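Let me begin by presenting the structure, written as structure tokens, before commenting on it.
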Amino acid sequence: MTAPIERFDQLDLQAPILAALAEIGYETPSPIQAACIPHLLAGHDILGEAQTGTGKTAAFALPALDRVDISKRNPQVLVLAPTRELAIQVSEAFQRYASKMPGFHVLPIYGGQSMVVQLRQLQRGAHVVVGTPGRVMDHIERKSLNLDGLSTLVLDEADEMLRMGFIDDVEWILQHLPAERQTALFSATMPDAIRRVAHRYLRDPKEVKIKAATATVSTIRQRFLQIAGAHKLDALTRILEVEDDFDAAIVFVRTKTATVELAEKLEARGYAAACLNGDMTQQLRERVIEQLKNKTLDIVVATDVAARGIDVPRVSHVINFDIPYDTEAYVHRIGRTGRAGRAGNAILFVAPRETHLLRQIERATRQPIELLKLPSREAVADKRVAAFRQQVAEVLESEDLSFFVDVIAGMEAQHDTEIHEIAAALAFLAQKDRPLQMPETGRPDIAQLASGKPEARAPRDAREAREPRENRGEILERRRDYAEGRLARYRIDVGREHMASPKDIVGAIANEAGIESRFIGQINLFEDYSTVELPSDLSNDTIQILRRARVRQQPLNLRLASPEEAARERGRPGPGGRGAPPKKPFRKEGGFDRPGGDFKSRKPKP
Ligand code: AMP
């Protein structure tokens, strides 16, 4: 048996790909990647049973990129995906993994996008095309997509394509491709129809299935929290604060970069936290574990590999900040708590799109994972007050306070102030660094956003479920919010020339930053940029997330609009400047500025 693959540089990938992975911060190949990449690099076909979230995109994208000849501009890799969202996501992944391959082009093509634009883009050439079956078929028929030089075909989420009725289109495409090619088929499940396709069109494929471990430890209480990425840090600190039996935690994230970033953020919030990742020397890692043991540290933010085998009995909590790739990783992670016969807690953060992974873990471990109800701001305040009272009671009991009694008596006499007012002033001073009340942000409490019902509050895709809106009252209320500074106008670098629609923009903002659509105000589209009204007190984290978020492959690069920009499309003075008349934006009074404004016709959320 060969040794397990633990690092990407054990795979025979080209240096620019390894450099991109190092920059992204992936530490170790996920199981599906370790299993597939060597076969694909060796030229075999693959039949892979894997879901989204397992890292399957990189499992096929990395070896596919490895074979691409940049000097040729014809499509060499074709990926078929069931939905436009997946096609875009996969294209973006290719782009990231190829960031050190200058001149590389990937093109997503899907129905609903303008044919003219697609034809132009196809003419310019692309090394990788990622498309939905119908549109790919269209282009093959029109001869606008020449696949003569194709060397790799990937069928992604094949069972979804079957479920959505695309299987005939997929077969038609398969019959129009060069016979000399490599084919990889990925599917979350393997119904007979998919096996038949695999049997017919794959050549002696290597079958890859990630086995599910089943044993978990019954002394571990397992809970999950449905939460969008942007709120995870707040949710984590709130959990750490209110868990009764908290002593120490290991927090799991996916990348080395994330271990460093999250540990720094926790430190900044006053926690004794440190990171643990594969970039650290063995000596440093051992020191971190030692510090966790001797209580110098309470929280260690780790990747799977770095935390393997940690045995520190005081770890009361394992937090899966990023969901693990598979059940096996989950079982390993949560096994870091509940050690030496103690009770342990495992908490899993599940982003709206990851619900299927939660169900998969439950199925494989044959244990239900309970819903965690995030405590409200008020509950946190109650908890802090109770702890404060307890501290005061202990001091009253154990300390000799006579000197302080005299000081207070002096103050009472001098200021003619009631004793409880002096006590309140002292309480205020005592809690100043760590206020007893949670600050009012004007935004909904994350306890409400982190609803227990998967996908009820945070729709799978905000584009699919939006409440009807735009009645006059709402418009006026938003105007007022804007005037009073609760809403601000931000600029983003996508506009009409990128084929962006307000729907896309709302979808990206809601999904990436977890901002509910009712907090997203007017959007105005211009040629090469747009503006959007959002709460004026967006946190730095949220702004960073929205800088990087993409619509139609374009990074939003979100920033506050200048007063001129803000005023311009309102056609009236903005905060601090006079506005020029709008330069023909797509705009509807107070609303989403799509001609035909299709949000109105959306069904309300269930
Ligand atoms: P996928 O299953 O392809 O949709 O990937 C799920 C997520 O895992 C994506 O956000 C990837 O960026 C991330 N990911 C994939 N491979 C790795 C890896 N080896 N290390 C860390 N994160 C990864």
Side-chain angles (χ1 to χ4, degrees), residues 4-11 13 17-38 40 46 48-65 79 81-83 85-99 130 154-158 160 184 186-188 208 210 228-229 232 252-262 277-279 301-308 320-330 333 349-358 360-361 460-461 511-512 545 548-550:
I5 295 169
E6 299 206 337
R7 299 187 319 272
F8 279 101
D9 61 11
Q10 288 172 281
L11 297 165
L13 292 164
I17 301 177
L18 293 176
L21 293 175
E23 188 170 282
I24 297 167
Y26 290 177
E27 183 169 87
T28 188
S30 72
I32 189 91
Q33 292 162 3
C36 288
I37 295 175
L40 288 170
I46 284 275
E49 204 170 318
Q51 306 211 356
T52 300
T54 53
K56 70 174 160 57
T57 315
F60 62 74
L62 301 176
L65 278 177
V79 181
T83 61
E85 279 73 27
L86 186 64
I88 294 172
Q89 213 174 300
V90 169
S91 301
E92 289 175 352
F94 267 99
Q95 199 67 60
R96 286 170 78 205
Y97 302 141
S99 64
V130 185
V154 179
L155 303 176
D156 196 6
E157 298 198 353
E160 270 305 290
F186 288 91
S187 197
V208 173
I210 302 305
K232 281 184 181 177
F252 282 95
V253 294
R254 281 208 160 165
T255 63
K256 290 183 272 192
T257 356
T259 60
V260 180
E261 282 174 14
L262 184 56
N277 65 49
D279 273 356
V301 186
T303 52
D304 288 295
V305 181
R308 200 173 287 161
N320 288 282
F321 195 85
D322 293 333
I323 200 162
Y325 306 112
D326 58 13
T327 319
E328 200 172 348
Y330 177 78
R333 286 179 176 191
F349 286 4
V350 184
R353 281 173 176 277
E354 295 165 345
T355 314
H356 63 277
L357 279 174
L358 166 70
Q360 181 184 305
I361 291 171
R460 184 162 187 270
D461 182 333
N511 281 328
E512 298 295 327
I545 288 170
R548 290 193 295 264
R550 284 165 184 261

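Just follow the structure's listing: the first ligand is 1, and inside any ligand the first atom is 1. Only this structure's heavy atoms are used, side chains among them; waters, hydrogens and symmetry mates stay out. All of these numbers come straight from a predicted model, not from anything done at the bench.
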When rounded to the nearest 0.5 angstrom, what is the spacing between CG in N277 and OG1 in T255? 9.0 Å
Any N or O of Y97 that comes nearer than 3.5 Å to an N or O of ligand 1? no
List the atom pairs, with distances to 0.1 Å, where a side-chain N or O of residues 92-99 and a protein N or O form a donor-acceptor pair under 3.5 Å, not counting sequence neighbours.
{"from": "Y97", "atom 1": "OH", "to": "Y26", "atom 2": "OH", "distance (Å)": "2.9"}
{"from": "S99", "atom 1": "OG", "to": "R96", "atom 2": "O", "distance (Å)": "3.2"}

How far is atom 12 (O) of ligand 1 from the closest protein heavy atom, and which atom is that? Y26 OH, 2.4 Å
Taking the side chain as C-beta and beyond, is there a heavy-atom pair between V301 and F321 under 4.5 Å? no
Write out the residue and atom name of the closest protein heavy atom to atom 18 (C) of ligand 1, then the distance separating them to 0.1 Å. Y325 OH, 2.9 Å
R254 to ligand 1: N or O pair under 3.5 Å? yes
When distances are taken from atom 2 (O) of ligand 1, the protein heavy atom at minimum range is G53 N, 2.6 Å
State, yes or no, whether a side-chain contact exists between F60 and V90 at a heavy-atom distance under 4.5 Å. yes
Considering the heavy atoms of R96, write down every atom of ligand 1 situated less than 4.0 Å from one of them. 12 (O)
Using a strict 4.0 Å cut-off to heavy atoms of G55, name the atoms of ligand 1 that fall inside it. 1 (P), 2 (O), 3 (O), 5 (O), 15 (C)
Point-to-point distance, once rounded to the nearest 0.5 Å, from CD of Q33 to CD1 of I5: 10.5 Å
How long is the straight-line distance from CZ of F8 back to OG1 of T28, given to the nearest 0.5 Å? 6.5 Å
Counting only N and O atoms by type, is there a donor-acceptor contact under 3.5 Å from the side chain of N320 to the main-chain atoms of I323? no
Approximate separation, where rounding is to 0.5 Å, of T257 OG1 and L262 CG: 12.0 Å
Could you tell me, atom by atom, which parts of ligand 1 come under 4.0 Å of a heavy atom of F8? 19 (N)
Residue part near ligand 1, for I24, under 4.0 Å between non-hydrogen atoms: neither
Checking contacts here: is it the side chain or the backbone of K256 that comes within 4.0 Å of ligand 1, counting heavy atoms only? Could be both or neither. neither
Under 4.0 Å from a heavy atom of T57: give me the atoms of ligand 1 that qualify, with their elements. 1 (P), 3 (O), 4 (O)
Is any heavy atom of the protein nearer than 4.0 Å to atom 10 (O) of ligand 1? no
For ligand 1, which atoms have a heavy atom of T28 less than 4.0 angstrom away? 18 (C), 19 (N), 20 (N)
Just need the protein heavy atom nearest to atom 16 (N) of ligand 1, so name the residue and atom and give the distance. Q33 NE2, 2.7 Å
Rounded to the nearest 0.5 angstrom, the CD-CG distance for E354 and D322 is 7.5 Å
